[in-house]
Undergrad: 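The structure under discussion is supplied below as structure tokens; questions concerning it will follow.
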Amino acid sequence: MTERLYYADPYLRRFEAAVTERLSWRGQPAVVLSRSAFYPTGGGQPHDTGWLQGVPVLDVVEREADKAVVHLLEAALPGAPAEAGGEVVIGEVDWPRRFDHMQQHTGQHILSQVAERLLDATTVGFHLGETASTVDLDRAFLNDEQLDQLEEEANRIVFENRPVVARFVSRDELAGLPLRKPPEVSGPIRIVEIQDFDWSPCGGTHVQAAGEVGLIKVVRAERRGSETRVEFLCGGRALADYRVKNRLLLSLASRLSVGYWELDEAIERREEEAQRQRKAAQVAQDQLLAAEARSIAAQAEPLGEFALVSRVLQDRELEDVKRLAVRMAEQHGCVALLGLAGDKGHLVFAAPPDSAYDLRPLLRQACAVIGGGGGGRPHLAQGGGPSGELASLQKALDVASRVIRCKEGGD
Ligand SMILES: [Zn+2]
């Protein structure tokens, strides 16, 4: 079993150790050492990284069978024999990463104890992530005020800078401690105590005084069934988050020419203004469309008791063309055969609602001219085809017009 140096001194970054085993782990060269300051993934805390004889340590895991700490390396150790001969190597832990984990992990102990005392909420899960960490509390409803209390009280413990001590305790002593949760391992139990506040069985790495955790910021909470997942940031992560959000807020405020505290109102005013403009634009567009429908309808040719209009449009929205056709049919008694030229060709046929026309066969016939098809309802049919040139669409409408005139003349 590897002697775990971080148990006694989580601040140890450089150490010497003998190589006791060389192996391949998940296809990667790996070593087991007589002792190690590298933390292997476990207990919700990710592994350390760093270097062994200058070779990057990519991952650190605990071997189930014998609890040995296995260091996965980017490459085999240089100049070493194939068989482990107990040669001595120098290990170096990536300190910024480790210290970040210590801040987040100790912050979690504090948050979990405060949640227990203040909110009667027990921590049932902990995840220390790449960018944010979470605790799962066994309470479904936590309002903003309760989350504020949680944050406030946790930071009070930080500001008091209470000592944090980790040590192995005897079974007798263990029985007398007010543990937040029961130990999950057999054998010697390591207790992490935040002085006179929290006692937790834990094998992770922690700071030596609560003040080193830095700010504890609860960033969001999300209900998950009967639990609440609380996301939080400690220390350096909270600072980085504050920096990003502060910059973002100042940049948004400057773009809207207001103070950041006025952003909410400024955005609301903008939304109202945008809505007014959308409405005004809609009214203007309706008026334009009505005028256009009148103007086209004035040039319609008689078709029995109705009138026939055939026209190819371009540079328009298909939705507008549709509204135009419907308007001409409903308001001006027109059978409207409209085409829309573009990358593809579109056809929209509309007939007065009180007429007996079924435009669908006619539309299919016209669509065939531009190489496509379509369908719809008897009084409003729509389709298209790949040929979107003006001339092709004109030809398609001519075919449809001829058919409809013949039919009307023959009736
Ligand atoms: Zn811990």
Side-chain angles (χ1 to χ4, degrees), residues 2 4-13 36-48 60-62 67 69 93 95-117 121-130 132-138 150 153-155 157-158 160-169 173-174 177-218 229-238:
T2 316
R4 301 189 186 205
L5 299 170
Y6 59 82
Y7 278 162
D9 183 7
Y11 289 82
L12 182 70
R13 313 174 195 192
S36 180
F38 283 89
Y39 182 81
T41 301
Q45 182 181 329
H47 64 86
D48 286 328
V60 186
V61 298
E62 181 184 89
K67 308 290 179 213
V69 177
V93 173
W95 181 246
R97 177 180 164 95
R98 155 65 78 74
F99 185 66
D100 168 55
H101 291 168
M102 285 157 63
Q103 284 188 316
Q104 312 311 315
H105 195 149
T106 313
Q108 178 261 316
H109 282 232
I110 297 173
L111 273 174
S112 289
Q113 180 61 256
V114 174
E116 195 80 51
R117 292 186 184 202
T122 298
T123 297
V124 291
F126 163 51
H127 176 70
L128 201 174
E130 283 289 328
S133 305
T134 56
V135 283
D136 294 333
L137 302 177
D138 68 347
L150 175 67
E153 181 64 8
N155 282 288
I157 298 297
V158 169
E160 286 176 356
N161 200 23
R162 297 190 186 213
V164 179
V165 176
R167 64 200 166 86
F168 285 90
V169 297
E173 192 189 344
L174 191 67
L177 289 176
L179 296 186
R180 178 157 51 78
K181 56 174 186 176
E184 285 163 9
V185 294
S186 54
I189 300 300
R190 183 170 181 257
I191 294 296
V192 176
E193 177 184 354
I194 299 167
Q195 198 178 59
D196 299 332
F197 177 68
D198 182 61
W199 293 261
S200 297
C202 186
T205 57
H206 311 82
V207 295
Q208 61 198 350
E212 287 186 34
V213 171
L215 183 70
I216 299 180
K217 182 75 194 103
V218 170
R229 175 160 290 181
V230 177
E231 189 179 313
F232 66 95
L233 304 167
C234 297
R237 292 189 185 195

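This is a predicted model, so every value here is computed, not measured. Along the sequence shown, residues carry numbers from 1. Every heavy atom of this structure was used, including side-chain atoms; hydrogens, water molecules and symmetry mates were not. Indexing begins at 1, ligand by ligand and atom by atom, following the structure's order.
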Undergrad: Show me the pairs that pass salt bridge (charged side-chain N to carboxylate O under 4.0 Å, His left out) and involve residues 195-204, at least two apart or across chains.
TA: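 Salt bridge (charged side-chain N to carboxylate O under 4.0 Å, His left out) check on residues 195-204 returns R180-D198.
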Undergrad: Using atom types as modelled and distance alone, determine if a side-chain donor or acceptor of T41 lies under 3.5 Å from a backbone N or O of V61.
TA: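 Such a contact is absent between T41 side chain and V61 backbone.
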Undergrad: Tell me whether R97 contacts the main-chain N or O of H47 through its side chain, where contact means a donor paired with an acceptor under 3.5 Å.
TA: yes
Undergrad: So, the side chain of Q45 versus the backbone of H101: is there a donor-acceptor pair under 3.5 Å, distance only?
TA: no
Undergrad: Quick one: does any side-chain atom of R162 pair with a main-chain N or O of Q195 as donor and acceptor, under 3.5 Å?
TA: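 Such a contact is found between R162 side chain and Q195 backbone.
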Undergrad: Could you please tell me which protein N, O or S atoms lie under 2.8 Å from the Zn ion (ligand 1)?
TA: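 Short answer, with waters excluded from the count: H105 NE2, H109 NE2, C202 SG, H206 NE2.
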Undergrad: Over 60° means perpendicular and under 30° means parallel, so tell me whether F126 and F232 are parallel, tilted or perpendicular.
TA: parallel
